[in-house]
Structures are given as structure tokens and as C-alpha cells.
Amino acid sequence: MTRSDPPDWALPSWDSIPAESGEGSPDTPSPSTPSPSTPTAPGTFGVRILGVSEVTRAIRGAVRADPRLADLWVEGEIGRVTVSSAGHAYFALKDERNQLQCVWFRDDRLRSAFEAQAGLRVVAHGRIDLFEPQGALQLYVESIQPAGLGDLTLRFEALKARLAAEGLFDAARKRPLPSRPATIAVITSPTGAVWKDICNVLGRRWPLTRVVLVAAQVQGDAAPASLVGAFRKVERYAADRIAAGRPEEAPAVTILARGGGSLEDLWAFNDEVVVRAVVAHRVPVVCGVGHEADVTLADFAADVRAPTPSAAAEIVVPDRTEFLLAVRGAGRRLDAAATSRLRATAREVVAERRALDRLSPAAQLASARERVGLLLDRATRALGSELAARRRRAEGLGTRLRPTLPGRLARDRARLERSGVLDSLAVRRVAAARASVGAAGAALSVLAPQATLDRGYAIVHRADDGAIVRDPAEAPAGTRLALRVARGELPATADER
């Protein structure tokens, strides 16, 4: 098989355009088809001339209208096979006289357990259609089986197509597997080597899991019913464990396993009731039936397909070595994160301690003492500078006054001598003022309240507010009074009159 660009006659992967309504019939006029009333061109003698596109559309419509070509099986020998870079295979099916070009798209080819090889005689299932841009009539292949398998292969493909149309094989309904299932159910034969292989793999990779064996027949006419019953037993066991308050003992995933064999030996896993039981199972199902080349309908229905039973056991549990490495890696990352966090916290503590040290009373006093010392030094320097400046000014003024000082002293002395005449006048003025003040003081002493008190009178005050009582009504009965006399005060109380 060679990988190169597809031949010219091949249909590209994007060509899946359905026929437009009315377009497949050759009798349907297209916009470019002249109507019967359209005058024919000179020299055509009334013959209707069709375009290439009209002819290819008419052929495509005739092909699609034939139900025999929509779903058919074709047997022949595979010619040269070409695989495009997109993964689509192009080849020809031929017999002794003719050949039919075929295209097998990537998705259908990857789902097949059989690969197209030049020189093999095969039975291809698909549909006939026309690739209009090149006018190539091709078989669009959906699946390929080696020729000579008989009715069993046809039954397999027919049932596969019908169940796929119901959506049982859709990827959207596939469920994810639990990462570390505590309990795993295994549906297989207890006497075969498959059960031992699964136990060995599970014990080596993840010995913490609990394995529950559900025995079933995996070959023969009674195998489908036995497999369906095994799925029901798993569901009943899970319900009992949950009802008993031990949900960890309920299976979280089910392995459906069997060793390799012929298509007839594995036919129980292609039975419709088994496929529907796999789809309806309450927990994810991993199907490990046969060898890697064996394909059953249970593989398509299962949530995960494993190439072998041992591979199925490897898929459902993690590898304890890898898990241990992951845990150790997580521990190292946690240690690094904790160390980094502790270092950052230590730096924050040091910064806070420095801030607290700056705010402590001793640090505040030391800072204040330092500031006082600086201010005292500045004041001393400023005072010394000011005194020096004033001394310099005084010296300058002394230098300037020294020549004029004797004259000014003589003038001031003369003024003092002249002022001696005024001394006697000032003495007389002071004596007269003192006599006047004494007379005024005698007159005031006669009129002062104290003089009245000295003559035996008293001043009555209310003790509460000190107001002078001038009217008996201002001092009701029981009012506390204070009587001021010449040498002090006497307490009194107003009585009933």
C-alpha cells in the first residue's frame, strides 16, 4: 500500500452534499436548460443540446433513485490502493472483465478491523454515487470483509448498521471511567486463563482494588442469556451493597472479557440482547474480548474498548508505580510551595519586627533624644552665630560712637544739672496730691458700707444665692440667711411671722 495523493477519479472527503430536490431527475429542467418554446440555434435542426453539468446531474439522479445501488455488497479483487494524507483510501474492485472505483473515508476505515490490501478478494459494503466534478461513478465503501465469510459476516454488518442507526454506538453516550475504582466486577468464564490474567494485572498495578467475579458462559447458544444474566447480577449486587450501607463495595466499573477465537466463537458478543445489556448497564463497561484484531458489537457498545482482556485490566486501574511517582512529585511541589511560603512569611515577620522596633518606646525615646540633641546643637550653633553677630554689631557701633561719646556725656550732664531746679517743684506737687487723696479716702470711708456696719448695722443675704434681702417677701419662712456684721457673718433662718 502506498501513501500519495488520491487519483483524479477519487471523491474527496468533503463531498457529502445531498441531492437537491428535483435535481436528480433528468426530466427536470434546470435554469440553464432551454424550454421547448425557446428557439433553437441555427444549424441544430431542433436537437436539444445539454451541458456537461446537466448530464452529470441527470446521471446522479438516476443512480440515487435506484434503491439497489443505495445499499449493496460487492465482491471483487482489490487493485492498487492509495491512501491520501487525510487518511482516505482509494482503490478499485475488479473481476475478470471490469473494475469499479471505490473510496473509503478515514472514519469508516479506522473503525474496520480489516485493512484493504492490493490483491485481496473482499466483499465491500456501501453505496454507488456519482462524483459530479469528474463524472466518476464510485462505490462509497462503509466496511470491508474478506470474501468467503458467508452469512455470518452479513448478519454482523446488518445488525451493526441497525444498532448504529439507533444511536447505541454514539460516542456521546460513552461514560468516563473512575480514576481509582474501589471495586471492579469481571464478567467472564472462571475456568479460562482470562480470569487469572486479569487478577494478575490488577494485583500488579493496583492491589487496593476489590475484584468481584461474575461467572458466565462466553461461547455457545446459551452464552447470550448467560452474559445478560451476569450483567443483572452485577446490578443486584451493587444495589445490595448500597442498601447495606457499604457503597464502596458496589462495583464502579465492569469488565466484559473473553479470550480470542473465530467469528463463530465470539458470536455471543455480537448478539443483540448482549449489546443492549452493555448499553443499559448502570456503570461504565470496558470490553476486552478476543485479540486486538477481533471486533465485536459489544466493543462498539461498551464505554471503552480494550484490545485484550489484560489491556482491559490495565485501563480500569492506574499503575501504582506511576501513582507513587505522581504522589512524590506532588509532595516535592508541596514542599517547595511550603518552603517558599515560609520564606515569604519570614520576610514579612522580619519587616513587621523592624516596624515594631521602630515604634517601641525605647526606640521612640532614643529617636526623640537624638532629635533633641540635633535641635540643641542647631540652637547652640544658631545662638553662638547670633551672639557673634551682635558682638560684631556692638563693636561696630562702639567704634562709631567712641568719637561722639564725650560730647554726648557732657550734654547729658548739663541737662541733669538743669533738672535739679525742678526737684523742689515736684516735691510740692506730690505733697499736695497726697493730701488730696487722704481727704478723698476719709470721705469715702464715711460713706462705705463698712462704716455703716461699724455703727451696729447688719446686711441680710440669702444663703443660697447671696442676694441682699430688702423685703420680707424675699425671704419666706425656712429660708436660710446670712447676716453680715462689722466683724463677720452670722447664720440665721426666717421664721413664721
Side-chain angles (χ1 to χ4, degrees), residues 347-471 474-475 480-492:
R347 289 193 294 269
E348 293 177 359
V349 169
V350 170
E352 294 294 334
R353 182 179 293 112
R354 291 175 180 173
L356 290 176
D357 291 342
R358 289 194 299 269
L359 296 176
S360 65
Q364 294 287 335
L365 289 175
S367 178
R369 187 179 296 110
E370 184 178 1
R371 287 196 300 272
V372 168
L374 293 176
L375 292 175
L376 182 59
D377 292 342
R378 291 175 56 188
T380 302
R381 289 194 300 269
L383 184 59
S385 300
E386 182 66 19
L387 289 176
R390 291 191 178 187
R391 186 178 296 109
R392 287 193 297 272
R393 287 198 298 272
E395 291 176 354
L397 291 175
T399 303
R400 292 170 56 188
L401 290 176
R402 190 172 294 111
T404 60
L405 186 59
R408 294 192 63 178
L409 289 175
R411 286 196 299 273
D412 291 341
R413 187 179 293 107
R415 289 176 61 188
L416 288 174
E417 290 175 354
R418 287 194 299 272
S419 63
V421 180
L422 300 175
D423 289 342
S424 58
L425 179 60
V427 170
R428 289 194 298 271
R429 291 286 298 274
V430 169
R434 183 178 292 108
S436 176
V437 169
L444 286 175
S445 63
V446 173
L447 298 177
Q450 185 63 35
T452 304
L453 295 177
D454 291 340
R455 290 197 298 272
Y457 292 94
I459 301 175
V460 181
H461 297 270
R462 284 200 300 266
D464 294 337
D465 55 4
I468 296 176
V469 178
R470 295 182 176 84
D471 189 339
E474 295 177 356
R480 293 186 301 107
L481 302 174
L483 304 180
R484 182 178 178 183
V485 296
R487 299 292 184 270
E489 289 186 354
L490 298 174

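It should be emphasised that the depicted structure is a prediction, and the values quoted were computed from it without experimental measurement. Only this structure's heavy atoms are used, side chains among them; waters, hydrogens and symmetry mates stay out.
Take Ile468 and apply the side-chain contact (heavy atoms from CB on, under 4.5 Å) test, not counting sequence neighbours, and it matches Ile459, His461, Arg470.
Remark: Arg462 CZ is packed, more than 12 non-hydrogen atoms of other residues, nucleotides or ligands lying under 6.0 Å away.
Separation of atoms CZ (Arg390) and CG (Leu397) is listed at 12.0 Å; rounding is to 0.5 Å. Here CZ of Arg392 is found 10.5 Å from CG of Leu387. Values are rounded to the nearest 0.5 Å. With rounding to the nearest 0.5 Å, the separation of CZ in Arg393 from CD in Glu386 is 5.5 Å.
The shortest heavy-atom contact between Gln364 and Leu359 is NE2-CA, 3.6 Å. The shortest heavy-atom contact between Ala363 and Asp357 is CB-O, 2.9 Å.
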Under 3.5 Å, which donor-acceptor pairs do the side chains of residues 366-376 form with other protein atoms, sequence neighbours left out?
| residue | atom | partner | partner atom | Å |
| --- | --- | --- | --- | --- |
| Ser367 | OG | Arg371 | NH1 | 2.8 |

